[in-house]
Student: 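Following this message is one structure expressed as structure tokens.
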Amino acid sequence: MIVLGLLFFHFLDHGSTKPEHFNDMTKELGLDFRHVSGFSDQRHFVETIGSGGALFDFDNDGDLDLYLVQGNYITQLDQSLTNKLYRNDGDQLINVTEKSGLGDSHYGLGVIAGDYDGDGFRDLYLTNFGPNILYRNNGNGTFSDVTQQAGAICSDFSTSAAWTDIDSDGDLDLYICNYVSYEIENEKRCFFKNIPIYCGPVEYSGVSDRLFQNNGDGTFSDITISAGIYEPDSRGLGVVCSDLNNDNWIDIYVANDMNKNNIYINQKDGTFVEEGVLRGVAYDGEGLINASMGVDARDYDNDGDVDLWVTNFSLEANCLLVNDGTGYFEDLSFDLGLAKPSFHLLGFGTLFMDYDHNGWPDLVVGNGHIWDNVHLIDTTMTYAQPLQMFDNKSGKFEERKFSTSLLPANYVVRGLIRGDLDNDGDLDLIVCQSNRPTVILRNDLGNLKSWIMFRLIGKSKNTDAIGARIRINTNGLTQTSEVISGSSYLVSNDIRLHFGLGNVDVVEEVNIRWPDGSEQILNNIPARQILTLEQPENLE
């Protein structure tokens, strides 16, 4: 069955703003969220990790709602500081936290949205400094904590997470990044000369990530060891799950902080083999270990395979890892114009997105240092840093310099979320800051050109069709994108697949590879629409 859905609506009159830029719409949309890190003179390590959130349609009304994760005061939790759920009513973001049951007051870090039980409503997995929480969406605007009965129990220092179908059985499994072995009682104090600073990760031993297999009955089993994921020295911060070697099985790429990065290649039998060194992703192009944070995966060069992007610490270049088509990668950041502009900044959340609709995925990087007093250590650096946008010029990148009047200059970014919040066809940004307000930046540039967006609905319990891949052909240009749950840092993005089309009015061919490997082809699809497609039965 194919459902063609055409959706257009706007929060506010875009004609009242100047085109060609991103517009801060935070106050106009009624968003009043301010993250609290618990910032203190003691400089507790966890205070640097930051904030995340999720753009997801929790009530299935066709627009994206917003869930934001709150921190707290680490030595004594303030029960009034909670995560918040905002319902998108088309004009405003309405705080519905109290009714929803999502107002957790633990020290929260990240969140990932996905329909783990296959009932058509997206659930949430929340990572905390402390026990994580699995919230089941009840389908009536409320959520229930089902962590214990579902067996998705993890009390490690968790950061990013991802829903994905690792065994191709039609339901969603759960990957959780874990960071370090850290307790307030055993906290270390660090100094640069005589200046107090937040300690780095090397002061603490790593903790293995966790992989939970969905049993298909609403419960999970921890298969970390048996699946070959157990890495006790890793310090996981970012994860993205994608078919990296084009064999129709999901692989896993993990960004680690001051450990080699990992790539787990799916062996198609419920196990993985870690091949980071072999496949060229463990280190940067100079052979060095980096302090890696945010990740994303996309076919940036339109050659049909998935490439990887990872952000790193200041005085380390971010890395674009280019896929050779078989799942082996080369760091070409210097060659493509991405290394030098990132060297003095500290990148966290990051995204591929074609924000100007020219048919080539651009890059957005959210920056912000972890040392609030970094200017005392290096006068060339600041705590708040600019949001960077890199235009993709047919496979090479050029930093786009927005004036401060068009794009606010400096943030302390941790999570960075992309999604079409107003369903006008271009991708907007949610900037999750550390110990500062969350900011909404509406894209007033993209929809000046043509576009198309796809919402895929799988026929199995994987109703979000995570792992599905779409390839479109327009005027000799082929673009490829995959439904991914996870990526960036601590966040959950809009899972609809978005393509910029330039001046094209019709997409000549749409090739959909569904998660089970079956393929569907559509021809001559009109542009400028959000197309909802249900997976047909009996495809080959």
Student: Could you walk me through whether Arg210 and Asp156 pass the salt bridge (Lys or Arg N to Asp or Glu O under 4.0 Å) test, one step at a time?
Tutor: CA-CA 9 Å; Arg210 304 275 288 279; Asp156 298 322; 3.0 Å; yes
Student: Between the side chains of His369 and Ser314, does any donor sit under 3.5 Å from an acceptor?
Tutor: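 Judged by distance alone, the side chains do pair up.
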Student: Given Gln42 and Arg189, is the side-chain hydrogen bond (donor to acceptor under 3.5 Å, both in side chains) satisfied, shown in steps?
Tutor: CA-CA 8 Å; Gln42 296 299 308; Arg189 298 284 178 255; 2.8 Å; yes
Student: When the aromatic ring centroids of Phe129 and Tyr182 are compared, is their separation below 6.0 Å?
Tutor: yes
Student: Will you find, in the side chains of Asn261 and Ser292, an N or O donor that is under 3.5 Å from an N or O acceptor?
Tutor: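 Yes, side-chain donor-acceptor contact under 3.5 Å.
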Student: Under the criterion salt bridge (Lys or Arg N to Asp or Glu O under 4.0 Å), I'd like the reasoning laid out for Arg455 against Asp464: C-alpha separation, chi angles, the key distance, then a yes or no.
Tutor: CA-CA 8 Å; Arg455 169 71 169 103; Asp464 291 330; 3.4 Å; yes
Student: Check for a donor-acceptor pair, side chain of Asp41 on one end and backbone N or O of Arg43 on the other, with a separation under 3.5 Å.
Tutor: no
Student: Report yes if the side chains of Ser488 and Asn493 come closer than 4.5 Å at any heavy-atom pair, otherwise no.
Tutor: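 Ser488 vs Asn493: side chains touch.
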Student: Just checking, any donor-acceptor pair under 3.5 angstrom between side chains of Tyr198 and Glu47?
Tutor: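 A donor-acceptor contact under 3.5 Å links the two side chains.
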Student: Side chain to side chain contact (heavy atoms under 4.5 Å, CB included) for Gln70 and Lys84? Distances and angles first, verdict last.
Tutor: CA-CA 8 Å; Gln70 183 60 276; Lys84 291 185 179 180; over 6 Å; no
Student: Are Glu274 and Lys260 close enough, and set up right, to give a salt bridge (Lys or Arg N to Asp or Glu O under 4.0 Å), and what steps lead you there?
Tutor: CA-CA 11 Å; Glu274 201 290 307; Lys260 66 180 179 69; 3.1 Å; yes
Student: Which label fits Phe313 and Trp371: parallel for a plane angle under 30°, tilted from 30 to 60°, or perpendicular past 60°?
Tutor: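 Perpendicular, since the angle between the ring planes exceeds 60°.
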Student: Counting C-beta onward and ignoring hydrogens, is there a side-chain heavy-atom pair between Tyr383 and Asn373 closer than 4.5 Å?
Tutor: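 No, every pair of side-chain atoms sits at 4.5 Å or beyond.
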Student: Under a 3.5 Å distance rule, please check whether Asp65 uses its side chain to pair with a backbone N or O of Asn88 as donor and acceptor.
Tutor: yes
Student: Measuring from Asp420:CG to Met353:CE, what's the distance to the nearest 0.5 Å?
Tutor: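 Atom-to-atom, Asp420:CG and Met353:CE are 9.5 Å apart.
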Student: For Cys432 versus Gly53, what's the shortest heavy-atom pair and its separation?
Tutor: SG-N, 4.2 Å
Student: If you look at every heavy atom in Tyr489 and Ile49, which pair is closest and at what distance?
Tutor: OH-O, 2.9 Å
Student: Counting N and O atoms only, with roles assigned by atom type, does the side chain of Asn423 sit under 3.5 Å from a partner on the main chain of Gly62, one being a donor and the other an acceptor?
Tutor: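 Here the side-chain-to-backbone pair exists.
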Student: Hey, are Arg136 and Asp119 close enough for a salt bridge, meaning a charged N less than 4.0 Å from a carboxylate O?
Tutor: yes
Student: Going by the side-chain hydrogen bond (donor to acceptor under 3.5 Å, both in side chains) test, name the single residue among Asn178, Asp209, Thr127 that passes it with Ser158.
Tutor: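 The side-chain hydrogen bond (donor to acceptor under 3.5 Å, both in side chains) with Ser158 is passed solely by Asn178 among Asn178, Asp209, Thr127.
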Student: Give a yes or no answer on whether the side chain of Thr311 reaches the backbone of Gly294 with a donor-acceptor pair at less than 3.5 Å.
Tutor: yes
Student: Would Ile417 and Val431 count as a side chain to side chain contact (heavy atoms under 4.5 Å, CB included) if you check the C-alpha gap in whole Å, the side-chain angles of each, and the deciding distance to 0.1 Å?
Tutor: CA-CA 7 Å; Ile417 315 174; Val431 182; over 6 Å; no
Student: Please tell me whether Asn262 and Glu231 have a donor and an acceptor in their side chains that are separated by less than 3.5 angstrom.
Tutor: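 No.
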Student: How close do Ser105 and Gln79 get, counting heavy atoms only, and between which atoms?
Tutor: OG-OE1, 2.8 Å
Student: Here's a test for you: under ring pair (Phe, Tyr, Trp, His ring centres under 6.0 Å), which of Tyr125, Phe212, Phe220 qualifies with Tyr116?
Tutor: Phe220
Student: Out of curiosity, Leu320 CG to Asp296 CG, how far, rounded to the nearest 0.5 Å?
Tutor: 11.0 Å
Student: Measure the CG-CG distance between Leu421 and Asp428 for me, rounded to the nearest 0.5 Å.
Tutor: 6.0 Å
Student: Can Ser242 and Glu482 be counted as having a side-chain donor-acceptor contact under 3.5 angstrom?
Tutor: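 Per modelled atom types, Ser242 and Glu482 side chains form a pair under 3.5 Å.
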Student: Do you know which two heavy atoms are closest between Val254 and Gly236, and how far apart they sit?
Tutor: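 The answer is CG1-CA, 4.3 Å.
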Student: Side chain to side chain contact (heavy atoms under 4.5 Å, CB included) between Arg418 and Ser487: does it pass, once the steps are laid out?
Tutor: CA-CA 11 Å; Arg418 72 169 168 249; Ser487 78; 4.2 Å; yes
Student: Would you please test Asn95 and Thr97 for side-chain hydrogen bond (donor to acceptor under 3.5 Å, both in side chains) and show each step?
Tutor: CA-CA 6 Å; Asn95 187 342; Thr97 308; 2.6 Å; yes
Student: Find out whether Leu109 and Tyr107 are in side-chain contact, i.e. whether some heavy atom of one side chain is under 4.5 Å from a heavy atom of the other.
Tutor: yes
Student: When you compare the side chains of Ser234 and Asn259, does any donor N or O come within less than 3.5 Å of an acceptor on the partner?
Tutor: no
Student: Over all heavy atoms of both residues, which pair between Trp249 and Ile166 is shortest? Give the atoms and the distance, please.
Tutor: CE3-O, 3.9 Å
Student: Side chains of Asp257 and Tyr179: any donor to acceptor distance under 3.5 Å?
Tutor: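 Yes, a side-chain donor-acceptor pair sits under 3.5 Å.
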Student: So, does Gln385 use its side chain to make a donor-acceptor pair with the main chain of Leu346 at under 3.5 Å?
Tutor: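 Here the side-chain-to-backbone pair exists.
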Student: State the CZ-OH distance between Phe272 and Tyr175, to the nearest 0.5 angstrom.
Tutor: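 Between Phe272 CZ and Tyr175 OH, I get 9.0 Å after rounding to 0.5 Å.
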Student: Is there a donor-acceptor pair closer than 3.5 Å between any side-chain N or O of Thr463 and the backbone N or O of Gly458?
Tutor: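 Flag not set: sc Thr463 to bb Gly458 has no pair under 3.5 Å.
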Student: Count the heavy atoms belonging to other residues, nucleotides or ligands that lie under 6.0 Å from CZ of Phe39, then report whether that count exceeds 12.
Tutor: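 Yes, because the 6.0 Å sphere around CZ of Phe39 holds more than 12 heavy atoms from other groups.
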Student: Report yes or no: do Gln92 and Arg87 form a side-chain donor-acceptor pair below 3.5 Å?
Tutor: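 There is no such pair (donor and acceptor under 3.5 Å, judged by atom type) between the side chains of Gln92 and Arg87.
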Student: Donor-acceptor check, side chain of Thr147 to backbone of Leu134, threshold 3.5 angstrom: yes or no?
Tutor: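 Present.
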Student: List the atom of Leu124, the atom of Ala113, and the distance in Å for their closest heavy-atom pair.
Tutor: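 Shortest heavy-atom separation between Leu124 and Ala113 comes out as CD2-CB, 3.7 Å.
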Student: Whether the side chain of Asp331 engages the backbone of Leu321 through a donor-acceptor N/O pair (distance < 3.5 Å, no angle test) should be reported.
Tutor: no
Student: Going through the distances and angles, do Phe329 and Val281 end up as a side chain to side chain contact (heavy atoms under 4.5 Å, CB included)?
Tutor: CA-CA 6 Å; Phe329 297 82; Val281 305; 3.6 Å; yes
Student: So which of Asp284, Asn318, Val310 actually passes side-chain contact (heavy atoms from CB on, under 4.5 Å) with Asn290?
Tutor: Asp284
Student: Any side-chain donor paired with an acceptor under 3.5 Å for Thr350 and Trp309?
Tutor: yes
Student: May I ask you to decide if Gly103's main-chain N or O and Asn83's side chain share a donor-acceptor pair within less than 3.5 Å?
Tutor: no
Student: For Thr48 and Ile370, indicate whether the former's side chain and the latter's backbone hold a donor-acceptor pair under 3.5 Å.
Tutor: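 No; judged by distance alone, with no hydrogens or angles, the pair does not exist.
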Student: Is NZ or CZ of Arg414 both nearer than 6.0 Å to the six-membered ring centre of Phe348 and within 45° of the ring axis?
Tutor: yes
Student: Indicate whether the side chain of Ser80 and that of Asp78 have a donor and an acceptor atom separated by less than 3.5 Å.
Tutor: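 Yes, Asp78 and Ser80 have a side-chain donor paired with an acceptor closer than 3.5 Å.
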Student: Hey, is CD on Glu98 packed in by over 12 heavy atoms from elsewhere, all under 6.0 Å?
Tutor: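 It does not: Glu98 CD has 12 such atoms or fewer within range.
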Student: For Tyr355 and Asp426, test the side chains for any donor-to-acceptor distance below 3.5 angstrom and give the result as yes or no.
Tutor: no
Student: So, do Tyr204 and Phe45 have ring centers that fall under 6.0 Å from each other?
Tutor: yes
